[in-house]
Each structure stands twice: as C-alpha cells, then as structure tokens.
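First the structure, in the form of structure tokens, and then the observations on it.
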2 protein chains.
Amino acid sequence: MASKKQSPSETVGARIRALRLAANMTQDEFAEKLNVSRSAIAQWETDRAGQIRENMEKIAKILNTSLGYLVSGETGSLQGDELALMRLYRACSAEDRKMLLLTARRLARS
Amino acid sequence: MASKKQSPSETVGARIRALRLAANMTQDEFAEKLNVSRSAIAQWETDRAGQIRENMEKIAKILNTSLGYLVSGETGSLQGDELALMRLYRACSAEDRKMLLLTARRLARS
DNA sequence: GGCGTAATGTTAGTGATACTAACTATATAT
DNA sequence: ATATATAGTTAGTATCACTAACATTACGCC
C-alpha cells in the first residue's frame with residue numbers, strides 16, 4: 001500500500017478534528033474564524049460538549065462539508081471543494097451565475 | 001395551471017410544518033413518533049424554539065429529508081445549471097479548478 | 001345560537017448544556 | 001532548562017429546548 005487509509009471518523013468531534021487538520025488549522029485559528037473560544041473547539045473535538053446549531057453551520061461552511069456528514073458521518077453527494085463551489089454558485093446573482101458557467105465552459109474546453 | 005406552486009419554506013419551522021403536512025400528520029401524531037410533547041412541535045413550527053440535535057435527526061428521518069434542508073433549506077440534489085456546472089468543474093484540470101473556485105469566490109462576494 | 005371536539009397557539013417554569021475563563025499538560029526547539 | 005506553541009481539563013454560568021397547563025381557533029351538528 002502506498003497511501004495510508006484514513007480511518008473514518010466515528011464521532012462528531014473526530015470528524016471536526018480530521019477536517020480541521022486537513023485544512024491545516026490550529027484550534028486557535030479555527031476558533032477565531034468561528035468566533036468562539038479555543039477551549040470550545042477542544043471540547044468539541046474530544047466530544048465533551050456539543051455545538052449549538054449556529055456554530056454547526058459555521059463549521060460546515062468553513063470546513064467545506066455538510067451538516068449530515070458532521071452530525072452522522074453520512075457522506076452525501078458533494079463534499080469539499082465541490083460543495084464549496086456549489087454554495088458559492090448558489091450565493092451568486094443570476095447574472096454572476098451565467099458568468100461562472102461561461103468561465104467553466106471555457107476552462108473545461110481547454 | 002393544474003398544480004399550485006409550493007412556496008419554498010423560509011424558516012426551519014416552516015419547513016418542518018410543510019413536510020409534516022405533506023406527510024398528512026397532525027402535530028399530535030408527529031409528537032408521538034418523536035417522543036416529544038405536542039407543544040414542542042407547535043413551538044418548532046412557529047420558530048419559538050429550536051431543536052436539540054437528537055430531535056433534528058429524528059425529524060429528518062421521519063420526514064424523509066436531510067439536516068441540510070431542515071436547517072438551511074439546502075437541497076442536496078443538483079439539477080439543471082447546478083449539475084452542468086458540476087460536470088464542467090469535474091472536467092477541469094486541478095489548476096483550472098482552482099481558477100474556477102477563485103472566480104466563484106470573487107463573484108459571490110460582491 | 002350554543003355545544004363539542006379536533007387541531008393548534010401561548011406561557012411559565014425548569015433541567016440540561018454549550019459556552020467562557022483560567023489553569024494544566026505535552027511536545028518541540030534553542 | 002526555558003520558552004513557545006498547541007491542546008486538554010475544570011468550574012461556573014447564561015442560555016434555551018423542553019414539559020405541563022391553559023388559551024384559541026375552526027368546524028360540524030343539533
């Protein structure tokens with residue numbers, strides 16, 4: 001085997017930790033992005049405390065994942081960059097969406 | 001027009017109510033399935049109170065939907081333009097994918 | 001009208017807990 | 001050994017998701 005298999009994270013905390021590390025963030029940096037204390041992060045990742053919904057949503061956005069994955073580990077259709085792109089697209093105006101599609105077509109062609 | 005257009009539900013409570021009604025349940029029946037008081041349901045649907053995660057998961061299961069939809073109205077399945085964009089993105093090189101994400105971020109920000 | 005009843009809305013109060021702050025622990029480097 | 005960076009632990013508190021009880025609305029029936 002050339003690559004180490006990622007053990008699938010079993011708990012909410014483990015999933016948060018795995019994704020945070022994959023994004024190369026310290027608990028401190030993560031805490032700042034979320035506007036919570038660092039100790040909250042530590043408690044989440046050790047499953048000592050849960051998260052209020054608002055923070056769950058922020059976590060999902062920042063770590064480019066879905067609530068479903070965070071909460072129950074279900075790997076939905078989109079994850080990571082693909083999910084990020086989709087969310088950005090949805091945040092765009094109709095006009096900007098056209099721009100994006102156009103750009104995508106140009107890039108994909110080459 | 002043969003069918004009335006469903007207005008997209010704007011709040012968590014509205015989405016829960018819409019799905020419950022679509023499943024032809026009264027608040028009482030719904031409460032029993034969830035093992036919570038009926039008044040909890042009433043409060044959820046009028047956005048007077050939120051839900052603990054355990055109940056959110058039960059709600060999603062019983063109403064056959066996802067946490068993402070309940071919480072933020074996010075629909076997991078792609079259609080039309082979204083699907084097209086996704087296919088184009090996947091057709092891109094790693095480099096071009098970065099470009100596309102960057103473009104999306106710029107557009108979405110404005 | 002008046003009465004029953006089915007469905008939902010509202011309010012008060014409380015137990016559970018998601019947080020913050022402060023302290024502790026561990027590892028790495030110089 | 002000392003400093004620094006990162007993460008774990010604990011105590012205490014403010015918040016809020018619930019239950020129970022009461023209020024309202026809507027409808028049918030006589």
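Naming convention: chains lettered A, B, ... in sequence-line order (proteins, then strands); numbering from 1 in each chain.
With respect to the salt-bridge test (charged N to carboxylate O, under 4.0 angstrom), the residues B:K58 and B:E54 qualify. Using a 4.0 Å cut-off between charged nitrogen and carboxylate oxygen, A:R90 and B:E82 count as a salt-bridge pair. Between A:R87 and B:E74 there is a salt bridge, since a side-chain N of the basic residue sits under 4.0 Å from a carboxylate O of the acidic one.
Considering only the side chain of B:R38, D:dA21 comes nearest among D:dA21, D:dT19, D:dG8.
Of the residues in residues 40-63 of chain A, A:A42, A:Q43, A:R48 come within less than 4.0 Å of DNA chain D through at least one heavy atom, sorted by number.
As judged by a 4.0 angstrom heavy-atom cut-off over every strand, B:S37 is placed among the base-contacting residues. Contact annotation for B:T26: backbone-only contact, meaning every heavy-atom pair under 4.0 Å involves sugar-phosphate atoms and none involves a base.
Put simply, the residue from A:Q27, A:E32, A:Q43 that forms a side chain to side chain donor-acceptor pair (under 3.5 Å) with A:R38 is A:Q27.
We find that CG of A:D28 is positioned 16 Å from P of D:dT4, with the value rounded to whole Å. In this structure, A:E32 atom CD and D:dT6 atom C1' are separated by 15 Å, rounded to whole Å.
Looking at A:W44, its side chain does come within 3.5 Å of a backbone N or O of A:G50 through a donor-acceptor pair. Judged by distance alone, with hydrogens and angles left aside, the side-chain atoms of B:E29 form a donor-acceptor pair with the main-chain N or O of B:T26 at under 3.5 Å.
Protein chain A contacts DNA chain C over a range whose 5' and 3' limits, counting nucleotides with an atom under 4.0 angstrom from a non-hydrogen atom, are C:dA18 to C:dA22.
Residue A:V71 is not grouped with residue B:I52 when hydrophobic side chains (ILVMFWY) are merged at heavy-atom distances under 4.5 angstrom, including chains of intermediate members.
A search for side chain to side chain donor-acceptor pair (under 3.5 Å) contacts involving B:T11 returns B:D47, not counting sequence neighbours.
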